[in-house]
There are 2 protein chains.
Amino acid sequence: MDHIDFKILKILQTKARIPNVEVAREIGMAPSAVLERIKKLEAQGVIDGYEVRLNPDQFEGSLIAFLHVTLTRNARIKETAMALADMASIQEVHYIAGEDGLMLKVRVADTSALETLLTTRINPMPSVARTKSSIVLSTFKETAKIPLPETYHTTP
Amino acid sequence: MDHIDFKILKILQTKARIPNVEVAREIGMAPSAVLERIKKLEAQGVIDGYEVRLNPDQFEGSLIAFLHVTLTRNARIKETAMALADMASIQEVHYIAGEDGLMLKVRVADTSALETLLTTRINPMPSVARTKSSIVLSTFKETAKIPLPETYHTTP
DNA sequence: CTTTATAACAGAATATAATTCTGTATTTTA
DNA sequence: TAAAATACAGAATTATATTCTGTTATAAAG
């Protein structure tokens, strides 16, 4: 990773589907060289993949909720987290410091679907003590973009 | 949106950079026809865009935290939310039901960076009464994929 | 310091894919 | 039922991705 890779990543983060040739033009290098670098970044795992961003409004999945899951004292954290991660409507599963709890981000059709998810799948889990739901009324920003600094500098 | 579009979206959601020709092969249609549909989905806003997924571990942004921001009684919600949305390290801004509060997802280098963000930028905002931070220790799942049903059926 | 190995790059050649275009069939609308 | 709009295939064209080769720069070894 040097400052050229960094430039490439910044460009890709803006418009992921831009052709290589175009990236090459933007940074003033040959397409073959840029390709080599991108392949390398993929191989190194710096680039994890590419995603389509779909518009949630167009699908039955417009209700977002954050669930704070309190675990029982003897909970099997990892197993529980992985079981939750398997559920399609759960987009994120994080283990939170200081509260023996998990934070979930879920995306479902409506409150009724949320109820079903909670009562039939989450609450019955043995490691789950209780859940607290925060339902999202409106979303002002939602991106997965990793905030990249202006310029590149190595991290020792 | 019909069941063919739906198939296309499902394919793209798995591997966003798959060539059109390949999508066409998978669903047994001519590349030109598939392209036509994809362009239409983009124009309709069903497809919002494409993103690179970078590996957070490789950057200074590996600390995730969820911040619950309680707003003052006379808070200017929209303005505050938009001001927060402008900050690069804040990835998500949601307005939450029932608590006069915002839920933020932030991604910063470390706890010190989080402290700076809180004390210099968020807490000083006039509409912010207080914040409660949940620091993420480990992440088991993190995707922006919208959960699509197995098969397509119109939503009346 | 010099030699040797390694990595990065450009530029051409080739393979593959995107895009455009045209004609036809099918569906919608009036 | 006629007219218009849409969806599609298949060919033609344009553009891009990928591979290959030779060169230069960079790093490692002696």
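Only this structure's heavy atoms are used, side chains among them; waters, hydrogens and symmetry mates stay out.
Residues forming a side-chain hydrogen bond (donor to acceptor under 3.5 Å, both in side chains) with R53(A) (at least two apart in sequence, or on another chain): E51(B). Residues passing the side-chain contact (heavy atoms from CB on, under 4.5 Å) test with D100(A), sequence neighbours excluded: Y95(A). The salt bridge (charged side-chain N to carboxylate O under 4.0 Å, His left out) search around K78(A) returns none, not counting sequence neighbours. By the side-chain hydrogen bond (donor to acceptor under 3.5 Å, both in side chains) test, T139(A) pairs with H94(B), sequence neighbours left out. Listed by chain and number, the residues in a side-chain hydrogen bond (donor to acceptor under 3.5 Å, both in side chains) with R17(B) amount to none (sequence neighbours excluded). For E99(B), the side-chain hydrogen bond (donor to acceptor under 3.5 Å, both in side chains) test picks out H68(B), with sequence neighbours left out.
Recorded end-axis angle for the helix from dC1(C)-dG30(D) to dA30(C)-dT1(D) stands at 50°, based on five pairs per end and rounded to 10 degrees.
At the heavy-atom level, I4(A) lies under 4.0 Å from the strands shown only through sugar-phosphate atoms. Within 4.0 Å (heavy atoms only), A33(A) reaches sugar-phosphate atoms of the nucleic acid but no base atom.
For M1(A) and dA7(C), the CE to P distance is 19 Å, given to the nearest whole Å. The distance from atom NZ of K40(B) to atom C1' of dT19(C) is 15 Å, rounded to the nearest whole Å. Spacing between atom CD1 of I8(A) and atom C1' of dC9(C) amounts to 12 Å, rounded to whole angstrom units. Going from atom CD of E26(B) over to atom P of dA17(C) covers 13 Å, rounded to whole Å. Distance CZ (R37(B)) to C1' (dT19(C)): 18 Å, rounded to an integer number of Å.
Nucleotides of DNA chain D with any atom under 4.0 Å from a heavy atom of chain A span, from 5' to 3', dT16(D) to dT19(D).
Distances were taken from every side-chain heavy atom of P19(B) (C-beta onward) to each of dA10(C), dA18(C), dT20(C); the shortest belongs to dA18(C).
When atom types are taken as modelled, the side chain of K141(A) and the backbone of I90(B) share a donor-acceptor pair closer than 3.5 angstrom.
Within the structure, ring pair (Phe, Tyr, Trp, His ring centres under 6.0 Å) pairs that include any residue of residues 113-144 of chain B do not occur (at least two apart or interchain). For residues 83-95 of chain A, the set of pairs meeting the salt bridge (charged side-chain N to carboxylate O under 4.0 Å, His left out) definition, not counting sequence neighbours, comprises E92(A)-K105(B). Applying the ring pair (Phe, Tyr, Trp, His ring centres under 6.0 Å) test to every pair with at least one member in residues 15-46 of chain A, sequence neighbours left out, gives no pairs at all.
Here E22(B) pairs with R25(B) in a salt bridge; the nearest charged N to carboxylate O distance falls below 4.0 Å.
OP1 or OP2 of dT19(C) sits under 4.0 Å from a side-chain N or O of K39(B).
Toward the 5′ end of DNA chain C lies the nearest nucleotide of M29(A), the other residue of the pair R17(A) and M29(A) mapping further downstream. Along DNA chain C, the nucleotide closest to R25(B) and the one closest to S32(A) are compared, and the more 5′ of them pairs with S32(A). Along DNA chain D, the nucleotide nearest to D2(B) and the one nearest to E36(A) differ in position, and the one closer to the 5' end is contacted by D2(B).
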When you check every protein heavy atom under 4.0 Å of nucleotides 22-29 of chain C, what one-letter string (B, S, -) results, 5' to 3'? --------
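Taking 4.5 Å as the limit, some side-chain heavy atom of L12(B) sits within range of a side-chain heavy atom of I38(B).
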